[in-house]
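Structure first, then comments.
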Amino acid sequence: MKFIVCIKQVPSTNEVRLDPVTHAIIRDGRQSVINPFDLYAVELGAQLRDRMGGTLTALSMGIPATERLLRECISRGADDAVLMTDRAFAGSDTLATSYAISLGVNAVGGADLILCGKMAVDGDTAQIGPELARTLGIHHVTDVAEVMDITEKDITVRKVTETGSFVEKVAFPAVITVVKDIVMPRLPSISGVRKSLDAPFKTFSAAEANADTARTGFNGSPTSVVKTFTPEGRTEAAPVEGTPADQAAFLLKAVKEVR
């Protein structure tokens, strides 16, 4: 079977830098890490690959420095990696990103099961998985907390919701997004790190992937960031004197001014 896990890079610290013109996050591969939710998808993909046989490919869209993160995925269990990288992909919203990722899926001949983290910790949209499935025209299940069964033809999972959970079976090909703690991600081993240094790694530009540039980057992003800013921390303290009634009145007035 063929498994693909989708990877996103996120800032490694709270020091997020913003482009003053586009208002988008400036992504520096040297200061980025694998999106934490995606680590659970990598581990689940590796376990399913070991159980069913086949291959697990780590796939991402990003700047060339993203190769470091994809090779880390190989050290954590993936067999190979693919990076979609081109200036034409810059500035993509979730719709344009899912289109670029779909090109990568098609470039490697598709997959039986595509795994994604529930969401990215910097954007929190949880849109890539469903949009990718829609773009590819295949089934999907979000918020998967448990894989109950898998065969050559389908997968049975337990999906969690705000009101509980339920079991769903979907036929392959399919996309699932996984929640935190569905499995425990392994740490890179010495043998895994050595494997990652020489493992197959492919890159595709927009032209090589036959991309429609009207659907990539800023051109293919129907949503735009109007304003993004980093809130400034402010700490002020003042003594509140008087009777309990005076103090309560002071606090009530302060809360009303803040609101």
Side-chain angles (χ1 to χ4, degrees), residues 1-14 27 29-62 65-83 97 101 104-105 108 111-130 132 140-150 155-160 165 174-201:
M1 295 185 64
K2 196 168 185 179
F3 301 92
I4 290 178
V5 58
C6 298
I7 303 299
K8 183 181 180 183
Q9 62 171 337
V10 295
S12 60
T13 69
N14 293 326
R27 301 191 183 278
R30 296 169 298 177
Q31 299 178 352
S32 298
V33 296
I34 299 171
N35 176 48
F37 279 96
D38 296 344
L39 291 176
Y40 297 97
V42 172
E43 178 60 31
L44 179 60
Q47 291 185 16
L48 294 178
R49 184 272 324 276
D50 293 344
R51 176 176 173 181
M52 301 299 296
T55 59
L56 173 63
T57 298
L59 170 63
S60 185
M61 181 199 80
T66 307
E67 177 179 347
R68 175 180 61 84
L69 303 182
L70 287 173
R71 291 199 180 276
E72 180 182 340
C73 291
I74 295 174
S75 73
R76 291 175 177 267
D79 297 295
D80 53 23
V82 172
L83 175 62
T97 297
I101 294 296
V105 172
V108 297
D112 296 295
L113 181 64
I114 302 171
L115 304 99
C116 306
K118 173 184 177 180
M119 63 185 183
V121 296
D122 60 345
D124 291 354
T125 64
Q127 294 172 349
I128 293 297
L132 175 60
H140 77 276
V141 184
T142 59
D143 301 312
V144 172
E146 179 185 1
V147 173
M148 304 181 70
D149 190 32
I150 182 172
I155 187 169
T156 303
V157 299
R158 180 172 63 86
K159 170 188 171 71
V160 294
S165 64
V175 175
I176 64 171
T177 71
V178 303
V179 301
K180 182 180 178 181
D181 296 332
I182 184 172
V183 288
M184 181 60 68
R186 71 189 71 180
L187 295 174
S189 63
I190 294 178
S191 60
V193 172
R194 293 180 63 183
K195 172 187 174 183
S196 70
L197 298 177
D198 300 317
F201 186 93

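- Counting non-hydrogen atoms of other residues, nucleotides and ligands closer than 6.0 Å to CG of L197 gives a total above 12.
- Atom CZ of R76 sits about 11.5 Å away from atom CG of D38, to the nearest 0.5 Å.
- Remark: A58 pairs with V5, I7, L70, C73, A78, A81 by the side-chain contact (heavy atoms from CB on, under 4.5 Å) rule, at least two apart or across chains.
- Heavy atoms of other residues, nucleotides or ligands lying less than 6.0 angstrom from CZ of R51 number more than 12.
- With values rounded to the nearest 0.5 angstrom, D143 atom CG is found 9.5 Å from M119 atom CE.
- Residues that satisfy the salt bridge (Lys or Arg N to Asp or Glu O under 4.0 Å) test with R186, not counting sequence neighbours, are E43.
- For D79, the salt bridge (Lys or Arg N to Asp or Glu O under 4.0 Å) test picks out R49, K195, with sequence neighbours left out.
- Each of L44, V157, V160 was checked for a side-chain contact (heavy atoms from CB on, under 4.5 Å) with V144, and the lone residue meeting it is V157.
- Nearest approach of V10 to P36, heavy atoms of both residues: CG2-CD, 4.2 Å.
- The heavy-atom pair separating G77 from L56 by the smallest distance is O-CD2, 4.1 Å.
- How far CD1 of I182 is from CD of Q47: 9.0 Å, rounded to the nearest 0.5 Å.
- Separation of atoms CG (L115) and CD1 (I155) is listed at 7.0 Å; rounding is to 0.5 Å.
- Here the closest heavy-atom approach between residue S32 and residue R68 is recorded as O-NH2, 2.8 Å.
- Closest of all the heavy-atom pairs between F3 and G53 is CE1-O, 3.9 Å.
- Here D181 pairs with nothing under the salt bridge (Lys or Arg N to Asp or Glu O under 4.0 Å) rule; sequence neighbours left out.
- For the pair K159 (side chain) and T142 (backbone), a donor-acceptor distance under 3.5 Å is present.
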Decide side chain to side chain contact (heavy atoms under 4.5 Å, CB included) for Q127 and T97; before the verdict, give the C-alpha distance in whole Å, the side-chain angles of both, and the deciding distance to 0.1 Å. CA-CA 10 Å; Q127 294 172 349; T97 297; over 6 Å; no
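- R71 approaches A199 most closely through the heavy-atom pair NH1-O, 3.3 Å.
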Evaluate the side chain to side chain contact (heavy atoms under 4.5 Å, CB included) criterion for residues M52 and D112: first the C-alpha distance (whole Å), next the side-chain angles of each, then the deciding distance (0.1 Å), finally the verdict. CA-CA 11 Å; M52 301 299 296; D112 296 295; over 6 Å; no
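- Between V178 and F37, the closest heavy-atom pair is O-CD2, 4.2 Å.
- Scored by the side chain to side chain donor-acceptor pair (under 3.5 Å) test, R158 finds E146 as partners (sequence neighbours excluded).
- Of the inter-residue distances, the one linking I101 atom CD1 with I128 atom CD1 reads 7.5 Å to the nearest 0.5 angstrom.
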Under the side chain to side chain contact (heavy atoms under 4.5 Å, CB included) rule, what do L113 and M1 come out as? Steps first, then yes or no, please. CA-CA 8 Å; L113 181 64; M1 295 185 64; 5.5 Å; no
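- Distance check, rounded to the nearest 0.5 Å: OG1 of T66 to CD of Q9 gives 4.0 Å.
- For T57, the side-chain contact (heavy atoms from CB on, under 4.5 Å) partners two or more places apart in sequence, or in a different chain, are I4, D80, V82.
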